[in-house]
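First up is the structure itself, then whatever we jot down about it.
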Amino acid sequence: MTKGNETKITDELYTYMLAHNPPLDAVQREVVETTYADLPGHARMQSAQEQGPLLAFLVRLTGARHIVEVGTFTGFSALSMAQALPPGGQLIACDISEEWTAYGVEAWRKAGVADRIDLRIAPALDTLRAMPAELHIDMAYLDADKENYIPYWEELVPRLRPGGLVVTDNVLYGGRVADPLATGAAAAIRQFNDHVAADTRMESVLLTVADGLTLSRRK
């Protein structure tokens with residue numbers, strides 16, 4: 001069996017990869033750097049910078065017009081996706097922190113996409129359950145509290161149009177998901193990964209992008 005992990009991602013190789021991906025624009029770069037400067041204890045919650053161009057690429061690839069983001073933090077990922085939306089597209093951003101999302105609100109305003117983003121400050125499960133039950137979501141990005149990944153998934157998937165996409169972050173959880181004795185959030189991610197793999201409504205691939213990224217398409 002051919003192993004796919006023979007290429008180790010050194011700092012030099014990571015820098016090389018970033019240099020050959022679409023660069024962040026000035027507003028994206030500012031929100032990334034401000035997050036690390038102002039919130040150093042929480043900055044790891046921000047999506048990796050290579051995920052911004054990837055999310056934008058997926059929005060364009062799927063032709064998504066209606067996106068739901070579960071877990072917005074300081075708004076980098078929402079910004080990246082909103083910039084890729086076609087005219088009339090909308091992103092619903094779910095979070096519980098007005099303090100952290102304020103960074104995003106400012107970035108969205110500077111980038112001229114604030115009118116495309118509907119920020120809803122409330123428990124995400126409440127926001128999702130209040131959405132129409134019909135198939136209307138084109139794409140979802142799941143990057144919130146890990147213990148609720150399965151409940152979030154079960155609210156998103158029934159509302160996902162055929163061919164729609166769920167992108168889930170942190171599915172490797174720093175490598176701790178490989179431990180069968182994992183506890184806490186790592187154990188929750190292990191359960192989520194098994195749940196996704198067994199979901200016959202979806203076809204999914206788990207990728208070693210950043211901290212692990214699963215792409216799931218509604219059949």
Side-chain angles (χ1 to χ4, degrees), residues 9 11-59 67-85 90-124 127 139-149 152 167-176 184-186 188-189 207-214:
I9 306 300
D11 289 346
E12 293 78 12
L13 188 55
Y14 185 74
T15 299
Y16 179 88
M17 176 272 294
L18 291 179
H20 288 78
N21 270 326
L24 302 187
D25 64 28
V27 180
Q28 291 174 328
R29 175 64 58 192
E30 181 181 7
V31 75
V32 168
E33 293 177 352
T34 301
T35 298
Y36 277 91
D38 290 2
L39 303 169
H42 300 284
R44 60 180 176 77
M45 294 168 56
Q46 184 171 247
S47 297
Q49 59 180 301
E50 66 268 26
Q51 290 175 264
L54 175 59
L55 289 168
F57 181 87
L58 292 172
V59 172
I67 302 172
V68 176
E69 177 179 72
V70 183
T72 296
F73 190 39
T74 56
F76 169 63
S77 52
L79 171 62
S80 301
M81 290 186 285
Q83 289 174 312
L85 278 170
Q90 185 185 55
L91 185 152
I92 296 175
C94 307
D95 208 284
I96 58 172
S97 173
E98 292 184 356
E99 175 189 358
W100 290 344
T101 56
Y103 290 89
V105 171
E106 177 64 12
W108 306 334
R109 183 192 63 78
K110 288 182 179 179
V113 297
D115 61 332
R116 305 179 191 178
I117 301 175
D118 178 3
L119 175 62
R120 301 186 183 180
I121 301 295
T127 299
M139 179 172 162
Y141 183 46
L142 179 51
D143 185 19
D145 53 306
K146 313 312 171 190
E147 289 80 1
N148 276 316
Y149 264 25
Y152 294 146
V167 182
T168 309
D169 199 15
N170 302 120
V171 293
L172 295 180
Y173 208 74
R176 281 176 272 175
I189 291 294
L207 305 172
T208 56
V209 174
D211 189 33
L213 202 67
T214 292

query = Would you say L54 and V167 make side-chain contact, with heavy atoms under 4.5 Å?
reply = no
remark   = Closest heavy-atom pair, S77 versus L55, reported as atoms and distance to 0.1 Å, is CB-CD1, 3.8 Å
message = Do Y16 and D11 make a side-chain contact, defined as non-hydrogen atoms from C-beta onward lying under 4.5 Å apart?
response = no
request  = Supply the atom-to-atom distance R120 CZ to T72 OG1, rounded to the nearest 0.5 angstrom.
outcome  = 11.5 Å
From M139 atom CE to M81 atom CE, the distance as rounded to the nearest 0.5 Å = 5.5 Å
inquiry  = Minimum heavy-atom separation for A48 and A210, please, with both atom names.
reply    = CB-CB, 3.8 Å
task = Take V27 and F76 through the test side-chain contact (heavy atoms from CB on, under 4.5 Å) and record every step on the way to the result.
result = CA-CA 9 Å; V27 180; F76 169 63; over 6 Å; no
inquiry  = Test your reading of the model: is there a side-chain donor-acceptor pair from D211 to the backbone of G174, 3.5 Å cut-off?
reply    = yes
task = Compare every heavy atom of G75 with every heavy atom of W108, then report the nearest pair and how far apart it is.
result = NE1-O, 3.2 Å
ask   = Looking at OG1 of T214 and CG of L207, how far apart are the two atoms once the value is rounded to the nearest 0.5 Å?
value = 7.0 Å
ask   = Are D25 and Q83 side-chain neighbours, meaning at least one heavy-atom pair lies under 4.5 Å?
value = yes
key: Minimum heavy-atom distance P53-L24, with the two atoms named   = CD-CD2, 4.1 Å
task = Could you go through the side-chain hydrogen bond (donor to acceptor under 3.5 Å, both in side chains) check for Q49 and R29 one step at a time?
result = CA-CA 9 Å; Q49 59 180 301; R29 175 64 58 192; 3.2 Å; yes
ask   = Rounded to the nearest 0.5 Å, how far does OG1 of T127 lie from CD1 of I121?
value = 9.0 Å
task = Decide yes or no for S47 and Y141: does some side-chain heavy atom of the first lie under 4.5 Å from some side-chain heavy atom of the second?
result = yes
request  = Determine the sole option in L119, V59, I67 for which the side chain to side chain contact (heavy atoms under 4.5 Å, CB included) test with L91 is passed.
outcome  = I67
ask   = When rounded to the nearest 0.5 angstrom, what is the spacing between OG in S80 and CG in L85?
value = 11.5 Å
ask   = How long is the gap from CG on L79 to CZ on R109, to the nearest 0.5 Å?
value = 12.5 Å
query = Would you find more than 12 non-hydrogen atoms of other residues, nucleotides or ligands less than 6.0 Å from F57 atom CZ?
reply = no
ask   = Between Q46 and Y36, does any side-chain donor sit less than 3.5 Å from a side-chain acceptor?
value = no
key: Shortest non-hydrogen separation from K146 to A188 and the atoms involved   = O-CB, 3.7 Å
key: Residue pair Q28 / P23: nearest heavy atoms and the distance that separates them   = OE1-O, 4.3 Å
task = Take T34 and T74 through the test side-chain contact (heavy atoms from CB on, under 4.5 Å) and record every step on the way to the result.
result = CA-CA 9 Å; T34 301; T74 56; over 6 Å; no
inquiry  = Could you check whether any side-chain heavy atom of L18 comes within less than 4.5 Å of a side-chain heavy atom of E50, counting everything from C-beta outward?
reply    = yes
query = Does the side chain of Y152 come within less than 4.5 Å of D145's, by heavy atoms?
reply = yes
note = Residue pairs passing the side-chain hydrogen bond (donor to acceptor under 3.5 Å, both in side chains) test with at least one member in residues 92-104, sequence neighbours excluded, are D38-Y103
